[in-house]
Amino acid sequence: MAQKLLLRPFLSIPAKLLSGPLRSQPPLLLCRVSAAPCNLTWRLPVPFTTVPATTRTFSTTLVFRHTFNIQDGDDFQDRVLKSEKPVVIDFHAQWCGPCKILGPRLEKIVAKQKGKVLMAKVDIDDHTDLAIEYEVSAVPTVLAMKNGDVVDKFVGIKDEDQLEAFLKKLMGP
């Protein structure tokens, strides 16, 4: 529903404006979808470019610097088991509702630690072997690892205070 409300201005543009003439008249489109006054003298034509599907983007925000997705078993070995920093491993699934709630909470708490703790995200559907190896029987399951050893674990959703306590216990004194 919220997506429809956000896209409503775009969806109300007549199809004939979305074809050829759009390239020569971008200010018309900008005026239809923006809340800014339609003073066309200050707008410059916007070049249309396509981004190849294979292009990967990256971010330097705290969340993405300390959180990463596991690609395969070797990646898990290199980035988690051989890590000098403590690692929180979030075993999740795309279809899991509670995982979608816990994931962002956990990322936020890990980002607050400013690099003292890393977070690995493991999709159990893609990496069933890791889920079996670490005895994940339900999602979300979160493991705390230090020096390649599991030191703590919980299953299910936790609030932010409980997550902070979990991380402080992992980091130790």
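We number each residue from 1, following the sequence as shown.
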Between atom [atom1] of [X] and atom [atom2] of [Y], what is the distance when rounded to the nearest 0.5 Å?
X: L130; Y: L143; atom1: CG; atom2: CG; result: 10.5 Å
X: K85; Y: M171; atom1: NZ; atom2: CE; result: 12.0 Å
X: I70; Y: Q77; atom1: CD1; atom2: CD; result: 10.5 Å
X: E133; Y: F76; atom1: CD; atom2: CZ; result: 7.0 Å
X: S137; Y: I132; atom1: OG; atom2: CD1; result: 11.5 Å
X: I109; Y: D161; atom1: CD1; atom2: CG; result: 8.0 Å

Do the non-hydrogen side-chain atoms of [X] and [Y] ever get within less than 4.5 Å of each other?
X: D152; Y: L170; value: no
X: D75; Y: D72; value: yes
X: T67; Y: K121; value: yes
X: H66; Y: M119; value: no
X: M145; Y: V151; value: no
X: R105; Y: I157; value: yes
X: P86; Y: L118; value: no
X: F68; Y: V80; value: yes

Plane angle bin for F91 and Y134 - parallel if under 30°, tilted between 30 and 60°, otherwise perpendicular: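 Aromatic pair Y134/F91 classed tilted.
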
For D123 and A93 the tightest heavy-atom approach is OD1-CA, 4.0 Å

Residue pair C99 / V139: nearest heavy atoms and the distance that separates them: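 Looks like SG-CB, 3.8 Å.
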
E160 bridged to K108 by N-O distance under 4.0 Å: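 Salt bridge: yes.
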
Step by step, would you call E164 with K112 a salt bridge (charged side-chain N to carboxylate O under 4.0 Å, His left out)? CA-CA 9 Å; E164 284 181 10; K112 283 183 184 179; 3.6 Å; yes

Hey, is the main chain of V122 close enough, under 3.5 Å, to the side chain of H92 for a donor-acceptor pair? yes

